[in-house]
Amino acid sequence: MAKDVYIGVGGKARKVRNLYLGVGGKARKVKKAYVGVGGKARLFYTSTLPPTTIELWNGQYILTCVNKVYYANGYYVAIGSYNKGSGNRKNMLAYTSDLSKGFTSVELAYDYAPYDIIYANGYWVIACYKSRYTYLLYATSLNGTWRKVSFAYNKSLVPNSLCYANGYWVIGGTYGDSAYISYATDLKGSWTNIKVWDSGFSEGTSEVRKVIYADGYWVAAGLEASNNPTYKIAYTTSPNETWTTNNIYQETSSTSRSGIFDIVYANGVWACAANEMLLYSNDIMSSSWTSKDIGVGTQTAIIYADGYWVVVGSGSSSSSAAKIGYSSTLAGNWIVNECFTSY
């Protein structure tokens with residue numbers, strides 16, 4: 001990698017601080033570039049794609065959606081479904097190795113609704129659900145042959161999230177009205193279900209919406225349904241050991257059903273995307289998490305990358321716009337961009 005670059009100016013070598021190249025008749029600032037060194041390309045230049053919206057598949061009804069966007073093993077991947085009415089719902093997979101060249105969209109080989117996808121241990125794995133049964137579809141390549149693992153009815157849960165780490169496959173979701181995780185050491189082997197928290201009242205459903213492994217902990221995050229819905233996490237050092245629960249926020253009305261949708265650990269901080277608020281803490285065991293409204297509506301996803309925290313919002317009671325907010329610090333000022341609206 002070329003760290004220091006010099007050019008001749010007035011007969012002297014001057015160190016380059018900012019470099020611009022002509023692109024499309026405009027001067028573009030170079031962040032990184034590649035030059036030939038010993039017959040190999042060394043990092044010295046990269047460009048960024050302009051903001052754009054890409055259509056992956058087309059439907060006419062509300063069930064047309066993208067459930068998950070994921071990057072691993074050199075591919076950008078999306079899963080979801082489209083619905084053209086009269087029972088014509090198809091479950092879809094789209095992928096590309098280059099965003100500028102478009103996606104390949106294919107119908108999944110099995111008619112199961114996809115909830116999550118990961119790449120781990122040499123497999124692409126999609127967690128699916130249909131008619132109260134859990135299914136895992138797995139393949140060694142995205143365009144290869146997909147095989148399935150079927151769960152027994154009494155072991156099936158709505159698989160909101162799937163994670164692999166430290167030799168364990170873990171699913172987070174709902175079984176009955178309670179929040180559950182299911183784990184296995186062999187993707188195609190025996191799975192064990194554990195209830196991590198219950199429902200607080202008879203008419204509500206508690207659920208794990210995200211499960212991750214970070215900082216030595218397995219963490220499940222979601223909602224405990226009750227008269228005052230609780231934003232809840234559970235954590236453990238190993239899936240087959242006791243899970244400790246932690247209530248990090250509580251609503252004042254039973255009408256709310258949002259809870260936590262996503263959780264991430266980065267820079268020594270745990271951060272949750274939740275119901276029109278960001279929740280964060282340095283300590284997974286803390287009962288006092290900082291809350292912050294960053295203006296993106298109901299927060300459905302959060303990541304930390306390239307020096308920025310980024311949160312995706314799906315609109316609010318006063319707005320139907322999909323928004324993205326970003327900031328270099330959780331407690332700092334957030335910049336919010338509107339991506340598109342639903343009409």
Side-chain angles (χ1 to χ4, degrees), residues 67-68 70 72-73 77 79 81 91 93 108-142 144-199 205-214 216-225 232-245 259-263:
N67 292 339
K68 177 75 177 283
Y70 181 71
N73 201 35
V77 184
I79 55 170
S81 60
N91 299 306
L93 167 73
L108 288 176
Y110 298 93
D111 185 24
Y112 310 137
Y115 279 68
D116 200 2
I117 183 171
I118 64 171
Y119 180 79
N121 211 25
Y123 291 104
W124 289 96
V125 184
I126 304 175
C128 302
Y129 191 73
K130 182 179 181 180
S131 301
R132 300 186 179 183
Y133 285 88
T134 304
Y135 300 92
L136 297 178
L137 307 183
Y138 65 95
T140 55
S141 64
L142 290 166
T145 300
W146 290 84
R147 295 177 172 84
K148 70 175 179 178
V149 175
S150 302
F151 284 48
Y153 176 76
N154 63 350
K155 291 290 187 72
S156 291
L157 64 157
V158 179
N160 293 325
S161 182
L162 175 63
C163 182
Y164 177 83
N166 276 9
Y168 285 97
W169 299 89
V170 179
I171 297 172
T174 301
Y175 178 75
D177 292 330
S178 300
Y180 270 78
I181 66 96
S182 186
Y183 70 89
T185 55
D186 181 354
L187 175 68
K188 295 162 278 187
S190 176
W191 288 73
T192 301
N193 286 9
I194 295 178
K195 182 193 294 186
V196 288
W197 64 79
D198 217 330
S199 177
T205 300
S206 294
E207 57 184 327
V208 172
R209 295 210 180 106
K210 187 63 178 285
V211 59
I212 65 171
Y213 180 80
Y217 290 100
W218 287 93
V219 180
L223 172 74
E224 178 188 343
K232 199 154 188 162
I233 61 174
Y235 57 89
T236 184
T237 54
S238 180
N240 61 347
E241 296 180 357
T242 301
W243 289 71
T244 301
T245 58
I260 299 170
F261 286 92
D262 199 5
I263 184 170

Checking side-chain contact (heavy atoms from CB on, under 4.5 Å) for the pair Trp191/Phe151: CA distance, chi angles, key distance, verdict? CA-CA 8 Å; Trp191 288 73; Phe151 284 48; 3.5 Å; yes

Shortest non-hydrogen pair, Pro114 vs Ile126, comes out as CB-CG2, 3.8 Å

Subject >> Side-chain donor or acceptor of Thr236 paired with backbone N/O of Trp218 under 3.5 Å >> reply: no

Sorted by chain and number, sequence neighbours left out, side chain to side chain donor-acceptor pair (under 3.5 Å) with Asn121 holds for none

Sorted by chain and residue number, the side chain to side chain donor-acceptor pair (under 3.5 Å) partners of Ser141 (sequence neighbours excluded) come out as Asn143

Residues at least two apart in sequence or cross-chain that pass side-chain contact (heavy atoms from CB on, under 4.5 Å) with Ser238, listed by chain then number, are Tyr168, Asn240, Glu241

Those residues at least two apart in sequence (or on a different chain) that pass side-chain contact (heavy atoms from CB on, under 4.5 Å) with Ala113 are Arg89, Asn91, Tyr115

Rounded to the nearest 0.5 angstrom, the CG-OH distance for Leu157 and Tyr133 is 14.0 Å

Do any N or O atoms from the side chain of Ser206 and from the backbone of Ala225 form a donor-acceptor pair under 3.5 angstrom?
yes

Sorted by chain and residue number, the side chain to side chain donor-acceptor pair (under 3.5 Å) partners of Tyr213 (sequence neighbours excluded) come out as Asn166

Do Asn73 and Trp124 pass the side-chain contact (heavy atoms from CB on, under 4.5 Å) test, and can you show the C-alpha distance, the side-chain angles, and the key distance before you say yes or no? CA-CA 10 Å; Asn73 201 35; Trp124 289 96; 4.0 Å; yes

Applied to residues 108-134, the salt bridge (charged side-chain N to carboxylate O under 4.0 Å, His left out) test, sequence neighbours excluded, yields Lys68-Asp116, Asp111-Lys130

Correct closest heavy-atom pair for Val219 and Tyr235 would be CG2-CB, 4.1 Å

In short, Gly259 meets Leu223 closest at the heavy-atom pair CA-CD1, 3.9 Å

(Q) Go through it in stages, so that I can follow the logic: the residues are Thr174 and Tyr180, the test is side-chain contact (heavy atoms from CB on, under 4.5 Å), and I'd like the CA-CA distance, side-chain angles, deciding distance and then a yes or no. (A) CA-CA 5 Å; Thr174 301; Tyr180 270 78; over 6 Å; no

Taken in chain and number order and not counting sequence neighbours, the residues that satisfy side chain to side chain donor-acceptor pair (under 3.5 Å) with Lys232 are Glu224, Asn247

- Query: How about Leu93 and Ile117: do any of their side-chain heavy atoms sit closer than 4.5 Å?
  - Reply: yes

So the salt bridge (charged side-chain N to carboxylate O under 4.0 Å, His left out) pairs with at least one residue in residues 163-174 (sequence neighbours excluded) are none

The complete set of side-chain hydrogen bond (donor to acceptor under 3.5 Å, both in side chains) pairs with one or both residues in residues 146-164, sequence neighbours excluded, reads Tyr112-Lys148, Asn160-Glu207

Next item on the list: Taking the side chain as every heavy atom from C-beta outward, state whether Tyr183 and Val211 have any atom pair closer than 4.5 Å.
Entry: no

Applying ring-ring contact (aromatic ring centres under 6.0 Å, His included) to Trp197 and not counting sequence neighbours gives none

Ala221 meets the side-chain contact (heavy atoms from CB on, under 4.5 Å) criterion, sequence neighbours left out, with Ile233, Ile260, Ile263

- Taking the side chain as C-beta and beyond, is there a heavy-atom pair between Leu162 and Ile171 under 4.5 Å? yes

Here the pair of heavy atoms bringing Trp169 nearest to Asp186 is CD1-C, 4.1 Å

Value for SG (Cys128) from CG (Leu136), rounded to nearest 0.5 Å, stands at 7.5 Å

Here the pair of heavy atoms bringing Tyr129 nearest to Pro159 is CB-CD, 3.6 Å

Those residues at least two apart in sequence (or on a different chain) that pass salt bridge (Lys or Arg N to Asp or Glu O under 4.0 Å) with Lys188 are none

For Thr205 and Gly176 the tightest heavy-atom approach is CG2-O, 4.1 Å

